[in-house]
Number of protein chains: 2
Amino acid sequence: MCQDRDVQTDRDACCGLARQPLDSAGAERIAPMFKALGDPVRLRLAALIASDDEVCVCDLTSQFTLSGPTISHHLRVLREAGLVECERRGTWVYYRIRPEALGSLGALLQVG
Amino acid sequence: MCQDRDVQTDRDACCGLARQPLDSAGAERIAPMFKALGDPVRLRLAALIASDDEVCVCDLTSQFTLSGPTISHHLRVLREAGLVECERRGTWVYYRIRPEALGSLGALLQVG
DNA sequence: TCACTATTTCGACAAACGTCTATTCAGGGG
DNA sequence: CCCCTGAATAGACGTTTGTCGAAATAGTGA
């Protein structure tokens, strides 16, 4: 072990994670958001949703070779993590990104 | 469903995810990093490691009520995701953050 | 009312995960 | 050389996850 190093880093800069101590309760609150993005299908879903103001579920499903219920399941995970929101209009359901949620996660990671 | 909305967002700003299409291969490459941060223990470990230049495993283990092997397992996940690196010096092993990895994740999420 | 479509929920199942204990590996000091 | 300590690995076990097909729900329109 300890051999998987191949990148040189600048040691003095670091991220928002370094600034607050992040107690156990905070970690339990935040981790589910990262977890939601930790699946390739959900990450692509999030990117697709983020790439427009809102996206219909039918347009999401058609981008994958997965069943409708599976996409629906992943959308629910993203929704329950607070990363997206949805709205039904007629037969269709439209999903939108919640930029403030993604942004707060980003701030944790961003070098400052 | 569709009731879990409680925050108002500004619709025109969004994150790096929106800018590139993020194909399947890209998602498979990036998702494991989010996944690694998607566990409360690992998120706290990352925060602890980030809060200093380097941290000894013994100082990490003492912060949790988990067994040594469990901490070691989580550190391995963070390591294999490329988020941290380690170095043995004598009996002890020290972990460091890889800020460029966290930063690139952050850029994906950050509103810009 | 009935049929049709879009989406979600339910129930099942294999694979992956988080945790533990027991064991092994690496270094240091008598 | 042997023992002690810090850390990682191996193996086991219960839980969670990702996926599916079948069924239920919501809305449209004849």
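Every chain is numbered from 1, with letters handed out A, B, ... down the list of sequences.
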* **Path from A:Leu17 to B:Tyr94 over hydrophobic side-chain contacts below 4.5 Å** => no

For the pair made of [atom1] in [X] and [atom2] in [N], what is the distance, rounded to whole Å?
| X | N | atom1 | atom2 | value |
| --- | --- | --- | --- | --- |
| B:Leu45 | C:dG18 | CG | C1' | 13 Å |
| A:Asp59 | C:dA6 | CG | C1' | 12 Å |
| A:His74 | C:dT9 | NE2 | C1' | 15 Å |
| A:Glu54 | C:dT7 | CD | C1' | 16 Å |
| A:Trp92 | C:dT5 | CH2 | C1' | 8 Å |
| A:Arg88 | C:dA6 | CZ | P | 12 Å |
| B:Leu75 | C:dG18 | CG | P | 13 Å |
| B:Ile71 | D:dA8 | CD1 | C1' | 13 Å |

* Residue pair B:Leu108 / B:Ile30, side-chain heavy-atom distance below 4.5 Å -> yes

* To do: Kindly indicate whether the side chain of B:Arg79, heavy atoms from C-beta on, has any atom under 4.5 Å from the side chain of B:Arg98.
  => no

* What's in the same ILVMFWY side-chain cluster as B:Val77, cut-off under 4.5 Å, chained through other members? -> none

* Asked: B:Gly90 near the nucleic acid: base, sugar-phosphate alone, or nothing, with a heavy-atom cut-off under 4.0 Å?
  -> sugar-phosphate

* **Candidate nucleotides C:dT9, D:dT19, D:dA7, ranked by approach to the side chain of B:Val93 - the nearest** => D:dA7

Does [N] have its OP1 or OP2 closer than 4.0 Å to a side-chain nitrogen or oxygen of [X]?
| X | N | value |
| --- | --- | --- |
| A:Ser67 | D:dC20 | yes |
| A:Thr91 | D:dT28 | no |
| A:Thr70 | D:dG18 | no |
| B:Tyr95 | D:dG6 | no |

* Asked: Between B:Glu87 and B:Arg96, is there a side-chain N and carboxylate O pair less than 4.0 Å apart?
  -> yes

* Asked: Taking all atoms of both residues into account, what is the closest heavy-atom pair of A:Pro40 and B:Ala27, and its distance?
  -> O-CB, 3.5 Å

* Asked: Any donor and acceptor pair, going by atom type alone, linking the side chain of A:Asp52 with main-chain N or O of A:Val55 inside 3.5 Å?
  -> no

* Would you mind telling me which residue lines up with the more 5' stretch of DNA chain C, B:Val41 or B:Arg89, judged by nearest nucleotide? => B:Val41

Short N/O separations, protein against nucleotides 10-17 of chain D, under 3.5 angstrom:
residue : atom : partner : partner atom : Å
D:dT17  : OP1  : A:Lys35 : NZ           : 2.9

